[in-house]
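Everything below concerns the one structure shown next.
We're numbering straight along the sequence, starting at 1. Note that these values count all heavy atoms, side chains included, but never hydrogens, waters or copies made by symmetry.
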Amino acid sequence: MNRGFALLAAIFFAALMANTARAENPVMIVDDPAVLAALDARGFGFAGIFDVDGKGDLKTLYEKAPAYHQIVETIAGDVAALRAVMKAGGRPLYEVTDGNVGRIIDMRWLKTDAARFRLVGVVNRLDRRDFAEIRGDGGCGEVRFIYRLAYSFKKNGKVLASRLPFNFNAIYSTAPDADGGCVGVAGRWTPQLDETVDIGWLIGGPLEKAGLSFKQLELNAQMVRFPSGQDRPIRLVSAR
């Protein structure tokens with residue numbers, strides 16, 4: 001066997017092993033920006049949780065979705081209470097400041113047409129089926145859709161855009177197979193050799209809406225930020 005043929009054989013074998021490994025392992029997280037943007041536009045956007053059509057800006061959502069409106073008002077109440085406590089302790093907080101002082105989340109971001117929650121990740125939590133068994137739910141774990149607060153607007157002819165450390169996790173329970181098991185569910189998360197993890201594969205397989213039921217919405221947000229070296233950020237985690 002000449003060296004050229006041996007090299008080609010080695011490359012082919014390595015590629016075959018890589019593909020085989022891919023086919024044997026389930027997808028645990030979807031984080032490709034292009035795929036997530038496509039999912040966001042195809043019925044998996046944040047506004048869809050509240051049955052609101054449109055571009056998903058938070059001004060529209062705040063005005064049209066009573067549930068989202070109540071969530072914002074609840075967060076605003078918690079933020080106001082925290083702000084009062086910090087001020088009483090001699091640590092006033094500001095939404096907008098150039099000073100080297102503590103900053104608190106500006107609640108206007110949650111109800112402006114310049115912001116929306118963008119899909120930034122989809123997580124397969126088949127491992128959560130153990131908790132479903134304990135509760136007697138009979139489900140096959142969860143699928144989590146992670147949405148992050150992002151803004152974009154024009155100022156002085158320039159587009160200013162970024163993201164904020166403010167995330168919602170939309171959690172869906174996964175229905176079991178017809179026989180009550182989870183083998184088929186796990187199989188739908190495992191692409192075959194000739195399959196690609198794209199939007200068609202996802203919405204026709206593991207993210208088929210008929211197999212998902214909304215469970216809860218969790219909040220993971222950094223509410224207060226202090227200058228480096230003073231205090232750690234205050235976070236509100238898993239508020240439901």
Extract all donor-acceptor atom pairs below 3.5 Å that involve side chains of residues 197-208 and protein atoms in other chains or at least two apart in sequence.
{"residue": "Asp198", "atom": "OD1", "partner": "Gly200", "partner atom": "N", "Å": "3.3"}
{"residue": "Asp198", "atom": "OD1", "partner": "Trp201", "partner atom": "N", "Å": "2.9"}
{"residue": "Trp201", "atom": "NE1", "partner": "Glu195", "partner atom": "OE1", "Å": "3.2"}

request  = Would you please test Val27 and Asn124 for side chain to side chain contact (heavy atoms under 4.5 Å, CB included) and show each step?
outcome  = CA-CA 7 Å; Val27 173; Asn124 170 15; 5.9 Å; no

Residues in ring pair (Phe, Tyr, Trp, His ring centres under 6.0 Å) with [X], at least two apart?
X	value
Phe145	Phe44, Tyr172
Phe153	Tyr151
Tyr68	Phe50
Tyr62	His69

query = Quick check, are the ring centers of Phe46 and Phe117 under 6.0 angstrom apart?
reply = yes

request  = Please name the residue in the list Arg125, Gln216, Lys215 that meets the side chain to side chain donor-acceptor pair (under 3.5 Å) test with Glu142.
outcome  = Lys215

Could you list the cluster mates of [X]? Members are the ILVMFWY residues connected by side-chain heavy atoms closer than 4.5 Å, either directly or through other members.
X	answer
Leu126	Val185
Val85	none
Val123	Ile29, Val120, Ile146

By side chain to side chain contact (heavy atoms under 4.5 Å, CB included) - contacts of [X] (at least two apart):
X	value
Asp106	Glu95, Val96, Arg108, Trp109
Met107	Val72, Ile75, Ala76, Val79, Ile105, Leu110
Lys59	Asp57, Glu63, Asp113

ask   = For the hydrophobic clusters of this structure (ILVMFWY residues joined by side-chain heavy atoms under 4.5 Å, transitively), does one cluster hold both Leu149 and Val224?
value =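 Per the 4.5 Å side-chain linkage, Leu149 and Val224 are co-clustered.
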
remark   = Residues passing the salt bridge (Lys or Arg N to Asp or Glu O under 4.0 Å) test with Asp53, sequence neighbours excluded, are none

remark   = Closest non-hydrogen atoms of Gly139 and Arg129, given as atom of the first, atom of the second and distance, are O-CB, 4.0 Å

